[in-house]
Amino acid sequence: MGTETGRVKLTDLASCGGCAAKYSAARLEQLLRGFLPVEEDNLLVGLAPADDAAVYRLDDERALIFTLDFFPPVVDDPSDYGAIAATNALNDVFAMGGTPLLALSIAAFPEELPLEMLGEIFAAADAQVRAAGGLLAGGHTIRDSEPKYGLAVVGTVHPDGIWPKNGARPGDGLFLTKPLGTGLIMTGYKRRLAGAMQLERAVHWMRTLNKAAAEVLRGVGPNAVTDVTGFGLFGHAHEMAERSGVRINLESERFPAIDGALDLARNGVRTSGDPRNRDFAGPHVSANGLNETLEALGYDPQTAGGLLVSIPVDRAVALEAEFTAKRLFIRRIGRVEEGAGVVVE
């Protein structure tokens, strides 16, 4: 379990890291089909349809957002791992239009891992929760041969301020608030095909909370929002299109990529989540003539990815201007039309 410096490499203990470890979306749909909670007027978002988090109304002014997310190590540095896992969970609250309030750790670690490493994971997660505006107030830890860490998060939102996946409307513009390629870069780095600089860029984006982006969006008013994580851009675009009853048209030449991700895809690097994402979204994605490199980027599972935003076109200019003024990343990647499915130009 050691390295030349005696430091444990966390990714050596994981069969699959980050959001690439997600259960197959196609199998998950089949598993949950027909499973619905008891009817309850105050359950504003549950499984019919499912979204990035559950939402329960307390009164006319307040609703609670509930979510949880955890995964095996995507990086070897314990601090980065804790921060990335926390970011990925917290971002579900931001994707629903809410603000994190309270978080609990979900942890599974081999007993052989040095306590100082575990301390770094927890400390980094705590710092990230505080940066998001919440408090880390406890958790539960079990023994496991494969490390796993994440958070259960409670947030708040006004009942009329929820951002659903199913609100996209024909005529909307489609925007993305982070570049793609974390899965490709992490896989490439593990295979020694990507360097330290590429790793650093990917870690930067995975540690970036969607808090600032969500704050701008609240002032502009999106129709639909979801965060792009383990199912990749194509998988999450498919979910938004299907649940909104629209067609999403993506412009592949506008896909943003983290530096180095496209080179890795061009050289044949793929994550273990790539084929599962193709099984899930592929039947609903029309990508005739799309080159294999950009196709791989579209199916690449993201960890702590950006927000996919559907917004009325008359607000798009204001949206881009606000992001630019605050020096935040945003890229228009397509549009919403009448029809069904996802079309990639």
Side-chain angles (χ1 to χ4, degrees), residues 11 14 16-22 71-77 80-81 83-85 87-88 91 174-210 213 226-238 250-278 280-282 285 287 289-309 328-334 342 344-345:
T11 56
C16 185
C19 284
K22 270 191 172 182
F71 48 62
V74 66
V75 289
D76 289 315
D77 183 88
D80 284 338
Y81 175 38
I84 292 167
T87 299
N88 195 68
N91 279 350
L174 206 66
F175 292 83
L176 189 61
T177 67
K178 284 185 185 180
L180 304 165
T182 61
L184 290 163
I185 289 177
M186 305 318 296
T187 301
Y189 184 78
K190 190 167 185 179
R191 297 178 186 174
R192 299 184 179 180
L193 298 173
M197 186 173 294
Q198 292 169 317
L199 174 67
E200 184 178 342
R201 290 173 184 141
V203 168
H204 162 76
W205 286 112
M206 290 188 291
R207 288 184 66 126
T208 300
L209 289 161
N210 287 334
T226 190
D227 57 337
V228 178
T229 54
F231 303 150
L233 173 62
F234 291 168
H236 290 285
H238 157 58
L250 298 173
E251 301 171 30
S252 62
E253 74 277 3
R254 299 190 60 84
F255 289 177
I258 302 171
D259 288 349
L262 290 176
D263 288 337
L264 291 167
R266 199 172 290 115
N267 290 326
V269 172
R270 303 288 186 272
T271 73
S272 60
D274 179 285
R276 288 191 290 272
N277 288 344
R278 292 173 189 267
F280 169 57
V285 175
L290 182 65
N291 68 67
E292 292 184 5
T293 299
L294 289 174
E295 186 179 52
L297 187 70
Y299 283 115
D300 186 45
Q302 303 304 290
T303 298
L307 298 174
L308 181 64
V309 180
L328 298 173
F329 180 91
I330 193 165
R331 176 74 61 84
R332 182 181 64 80
I333 61 167
V342 177
V344 186
E345 295 179 349

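On a predicted model such as this, the values are computed, not experimentally measured, just so you know.
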*If you draw a 6.0 Å radius around CD in E292, do more than 12 non-hydrogen atoms from other residues or ligands fall strictly inside?*
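No, CD of E292 has 12 or fewer neighbouring heavy atoms, counting only those of other groups under 6.0 Å.
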*If you draw a 6.0 Å radius around CZ in R191, do more than 12 non-hydrogen atoms from other residues or ligands fall strictly inside?*
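Yes.
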How close do [X] and [Y] get, counting heavy atoms only, and between which atoms?
X	Y	value
A281	G235	CB-CA, 3.8 Å
R332	R254	O-NE, 2.5 Å
N88	F71	ND2-CE2, 3.6 Å
A213	L328	N-CD1, 4.2 Å
L199	M186	CD1-CE, 3.2 Å
L297	A257	CD2-CB, 3.9 Å

With a 3.5 Å distance limit and no angle check, can you tell me whether [X] reaches the backbone of [Y] through a side-chain donor-acceptor pair?
X	Y	answer
H236	T229	yes
N210	A304	no
D76	T11	yes
T177	L307	yes
K178	V228	no
R270	A296	no

Check: [Y] and [X] side chains under 4.5 Å, non-hydrogen atoms:
X	Y	answer
H204	R201	no
V285	L250	no
F255	V344	yes
P256	I333	yes
D80	R207	yes
I185	M206	no

*Quick one: ring-ring contact (aromatic ring centres under 6.0 Å, His included) partners of Y299, sequence neighbours excluded?*
F234
*Could I get the full list of salt bridge (Lys or Arg N to Asp or Glu O under 4.0 Å) partners for E345, not counting sequence neighbours?*
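Once residues adjacent in sequence are excluded, the partners of E345 under the salt bridge (Lys or Arg N to Asp or Glu O under 4.0 Å) criterion are R335.
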*Is there a side-chain contact (heavy atoms from CB on, under 4.5 Å) between W205 and Q302 once you walk through the steps?*
CA-CA 10 Å; W205 286 112; Q302 303 304 290; over 6 Å; no
*Working to the nearest 0.5 Å, report the span between CG of L290 and CD of E253.*
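One gets 10.0 Å once the value is rounded to the nearest 0.5 Å.
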*Going through the distances and angles, do D300 and L180 end up as a side-chain contact (heavy atoms from CB on, under 4.5 Å)?*
CA-CA 8 Å; D300 186 45; L180 304 165; 5.8 Å; no
_Set out, in order, the CA-CA distance, both residues' side-chain angles and the distance that settles side-chain contact (heavy atoms from CB on, under 4.5 Å) for N277 and T271, then state yes or no._
CA-CA 10 Å; N277 288 344; T271 73; over 6 Å; no
Pairs under 3.5 angstrom only: tabulate donor-acceptor contacts from the side chains of residues 260-269 to other protein residues two or more places apart or in another chain.
from	atom 1	to	atom 2	distance (Å)
D263	OD1	R266	NH1	2.7
N267	ND2	D263	O	3.1

_As a quick check of understanding, evaluate side-chain contact (heavy atoms from CB on, under 4.5 Å) for T87 and T208, giving each step before the final call._
CA-CA 7 Å; T87 299; T208 300; 6.0 Å; no
